[in-house]
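The structure appears below as structure tokens.
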Amino acid sequence: MNKRSLTLNLEYAGDFAAYWIYYGMVGSFCSAYLLDLNYTNSEIGLIMALASVVSVFLQPALADLSDRSKKLDQIGVASLGTIVMLVLNVGLLIIRRKTAALWVIYILALAWELALQPVLNSFSRKLSESGHKINFGICRSGGSLGYSVLMVVMGSLTDRFGTGIIPGSGMIALAVLLGLLILTKKTLERAKAERGMMVDHEVQPEIIEEEAEEINLISFVKRNKLFIALNLFILILYFQNAILNNFMFQVVDGVGGDAEDLGRVLGVMAFLEIPALFFFDKLNKRFSCTTLLKVASVCFVIKLVLLYLANSVTMIYVGHIFHLTSFPLFLPAIVQFVNEIMAKGEAVKGQAMYTTAITISSVFASILGGIILDMSGPKLMLLVSAVLTAIGALGVLMLVDKVPKHSRTLEK
């Protein structure tokens with residue numbers, strides 16, 4: 001890996017780190033922040049659910065903007081989105097009480113943050129235009145590492161100074177993200193210019209790509225009934241993921257923990273994601289995606305059962321050992337699995353189906369989790385999550401091997 005290639009990968013990893021640090025502040029510490037402003041768990045769940053719904057509409061709009069605009073590519077769209085979030089975050093700095101305005105601002109801040117995730121993921125293809133290899137897994141693990149370190153720090157700072165420091169810290173994270181995006185853009189332009197100088201005097205072979213025939217939604221459903229059934233079970237399986245992302249503060253508080261413990265738990269979770277993301281390509285060479293998905297599904301269940309049984313913060317750490325082989329293994333495995341089983345003309349719909357499933361799961365988990373917390377507390381919420389996770393995992397184990405693998409092109 002030469003110097004320019006290393007720089008591009010490091011800057012992309014930095015983009016991920018700053019992005020996920022901001023998510024940790026407005027998303028992972030959302031419950032701690034809003035509970036301090038006298039919001040109920042049900043209201044917090046509703047805010048998160050509405051943010052997910054709004055992000056569903058923002059995502060295609062941002063994708064279309066980056067595809068059609070002559071002035072803004074993916075990095076430009078991400079920069080624009082970051083500026084919007086900076087403006088919204090000013091509102092969080094100003095409004096420190098429960099009002100309708102804060103509802104709107106927090107929903108929009110979360111929605112924009114969620115909508116930028118697929119844009120950021122698409123950088124790997126954009127940066128590859130430089131002619132340098134971009135290792136997505138390693139760059140994405142940079143996001144987990146940054147999140148891990150800063151959540152531990154934020155937990156300590158919040159415990160010492162209160163939740164009022166969260167909006168200000170968010171401003172710093174967004175400013176860093178914007179600066180890194182600008183730096184990444186400049187490095188890409190320099191790399192592309194260097195590549196252009198290198199190939200000016202070379203004869204380039206003509207590359208002919210097979211044109212994929214698009215498939216309409218009705219035909220897609222008919223061809224992929226088992227895949228759609230599998231996604232229904234993934235929807236159920238991912239219920240627990242949204243529960244833990246949105247309400248981990250309540251889980252930690254339920255066993256006598258505080259904001260500092262929350263930061264440490266979140267930091268450990270993110271740190272445990274790094275090995276699977278970093279070495280996924282090597283794992284995938286030894287084990288099929290179906291095997292990895294089965295292992296991850298079973299580990300989801302074990303983790304939730306242990307968290308339900310936990311009666312101390314230490315036991316929560318023990319439960320999260322199985323995070324190492326659950327979420328960070330399932331995420332790249334399902335993306336690769338879809339690419340393997342789908343014909344070229346239906347691959348995008350396949351990825352969209354999976355994304356839709358986890359978004360719907362997040363909406364229901366946010367609403368139902370908040371209601372259960374207000375009615376009974378975190379124990380019942382974890383019990384419901386564990387049962388649903390077991391059902392979802394069973395469905396994945398039963399169906400993942402049976403989903404047919406289509407030919408790379410669609411039949412006429």
Side-chain angles (χ1 to χ4, degrees), residues 19-20 22-31 33-35 37 39-66 77-78 80-82 84-85 87-89 91-92 95 98-122 170 217 228 231-250 327 331 334 348-374 381 384-385 388 392:
Y19 170 86
W20 284 106
Y22 182 69
Y23 168 79
M25 294 170 185
V26 297
S28 301
F29 273 85
C30 173
S31 288
Y33 182 72
L34 294 181
L35 284 171
L37 297 182
Y39 281 80
T40 66
N41 291 302
S42 298
E43 289 170 333
I44 294 170
L46 183 58
I47 286 172
M48 292 180 171
L50 290 173
S52 295
V53 172
V54 174
S55 73
V56 169
F57 294 97
L58 279 175
Q59 286 177 22
L62 292 178
D64 185 63
L65 178 61
S66 64
V77 169
L80 177 62
T82 303
V84 172
M85 290 192 296
V87 174
L88 291 169
N89 210 85
L92 297 181
I95 305 173
K98 185 178 178 181
T99 64
L102 185 58
W103 269 78
V104 173
I105 291 171
Y106 216 103
I107 289 169
L108 290 177
L110 274 173
W112 271 95
E113 194 278 335
L114 292 171
L116 283 185
Q117 185 174 336
V119 177
L120 199 66
N121 290 343
S122 70
L217 185 59
I228 292 171
N231 273 273
L232 292 175
F233 283 108
I234 290 175
L235 186 156
I236 298 171
L237 181 71
Y238 257 70
F239 182 90
Q240 53 74 34
N241 196 61
I243 285 290
L244 296 181
N245 282 340
N246 296 345
F247 302 114
M248 182 57 75
F249 177 74
Q250 289 87 333
F327 174 75
L331 176 62
I334 189 64
V348 175
K349 287 185 177 65
Q351 297 291 355
M353 182 70 67
Y354 160 70
T355 304
T356 300
I358 62 175
T359 301
I360 294 172
S361 179
S362 178
V363 170
F364 280 103
S366 299
I367 295 173
L368 186 58
I371 293 172
I372 294 175
L373 280 170
D374 282 337
M381 180 185 70
V384 172
S385 298
L388 290 175

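The shown structure was predicted, so the numbers you read here are calculated from the model rather than taken from an experiment. No hydrogens, no waters, no symmetry mates; every other heavy atom, side chains included, goes into these values.
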Notebook entry, point to check: Do the non-hydrogen side-chain atoms of Met85 and Asn89 ever get within less than 4.5 Å of each other?
Noted result: no

Checklist line | ring-ring contact (aromatic ring centres under 6.0 Å, His included) partners of Tyr238, counting only residues at least two apart | finding: Phe330

Item checked: Sequence-distant partners of Gln117, side-chain contact (heavy atoms from CB on, under 4.5 Å), two or more places apart -> Tyr19, Trp20, Asn121

Next item on the list: To the nearest 0.5 angstrom, please state how far the CH2 atom of Trp103 sits from the CG atom of Leu46.
Entry: 4.5 Å

Notebook entry, point to check: How long is the gap from CD1 on Ile105 to CG on Leu92, to the nearest 0.5 Å?
Noted result: 6.0 Å

Next item on the list: Would you list the pairs meeting salt bridge (Lys or Arg N to Asp or Glu O under 4.0 Å) in which at least one residue belongs to residues 362-371, sequence neighbours left out?
Entry: none

Which side-chain N or O atoms in residues 363-374 pair as donor and acceptor under 3.5 Å with protein atoms at least two apart or in another chain?
{"from": "Ser366", "atom 1": "OG", "to": "Asn246", "atom 2": "ND2", "distance (Å)": "2.8"}
{"from": "Ser366", "atom 1": "OG", "to": "Ser362", "atom 2": "O", "distance (Å)": "2.7"}
{"from": "Asp374", "atom 1": "OD1", "to": "Asn41", "atom 2": "N", "distance (Å)": "3.4"}
{"from": "Asp374", "atom 1": "OD1", "to": "Asn41", "atom 2": "ND2", "distance (Å)": "3.1"}
{"from": "Asp374", "atom 1": "OD2", "to": "Ser42", "atom 2": "N", "distance (Å)": "2.8"}
{"from": "Asp374", "atom 1": "OD2", "to": "Ser42", "atom 2": "OG", "distance (Å)": "2.6"}

Margin query: I'd like to check the side-chain contact (heavy atoms from CB on, under 4.5 Å) partners of Leu331; sequence neighbours left out, ordered by chain and number.
Written below: Phe327, Tyr354

Next item on the list: State, to 0.1 Å, how close Tyr39 and Thr99 come at their nearest heavy-atom pair, and which atoms those are.
Entry: OH-O, 3.5 Å

Checklist line | N/O donor-acceptor pair under 3.5 Å between Ser385 side chain and Met381 backbone | finding: yes

Notebook entry, point to check: So how far is it from Leu88 CG to Ile107 CD1, rounded to the nearest 0.5 Å?
Noted result: 11.5 Å

Note to self: Whether the side chain of Ser55 engages the backbone of Ala115 through a donor-acceptor N/O pair (distance < 3.5 Å, no angle test) should be reported.
What the structure shows: no

Next item on the list: Applying side chain to side chain donor-acceptor pair (under 3.5 Å), name anything that partners Ser28, two or more places apart in sequence or on another chain.
Entry: Tyr147

Next item on the list: List in chain and number order the residues that pass side-chain contact (heavy atoms from CB on, under 4.5 Å) with Val56, two or more places apart in sequence or in another chain; answer none if no residue qualifies.
Entry: Thr359

Next item on the list: Not counting sequence neighbours, list each pair that qualifies as a salt bridge (Lys or Arg N to Asp or Glu O under 4.0 Å) and has a residue in residues 103-113.
Entry: none

Next item on the list: Please examine the side chains of Ile236 and Leu232, heavy atoms only from C-beta on, and report whether any two atoms are closer than 4.5 Å.
Entry: no

Next item on the list: With rounding to the nearest 0.5 Å, note down the distance linking CD1 in Ile358 to CG in Leu237.
Entry: 11.0 Å

Next item on the list: Drop me the distance from Thr40's OG1 to Leu34's CG, to the nearest 0.5 angstrom.
Entry: 10.0 Å

Next item on the list: Using side chain to side chain donor-acceptor pair (under 3.5 Å) as the criterion, list what pairs up with Ser31, not counting sequence neighbours.
Entry: Gln250

Item checked: side chain to side chain donor-acceptor pair (under 3.5 Å) partners for Tyr106, two or more places apart -> none

Check: Just wondering, do Thr82 and Leu116 contact through their side chains at under 4.5 Å, heavy atoms?
Finding: yes

Next item on the list: Tell me, please, which residues at least two apart from Phe233 pass ring-ring contact (aromatic ring centres under 6.0 Å, His included).
Entry: none

Checklist line | Interatomic distance, Ile360 atom CD1 to Ile234 atom CD1 [nearest 0.5 angstrom] | finding: 12.5 Å

Note to self: Under the rule for side-chain contact (heavy atoms from CB on, under 4.5 Å), what residues qualify as partners of Ala61, not counting sequence neighbours?
What the structure shows: none

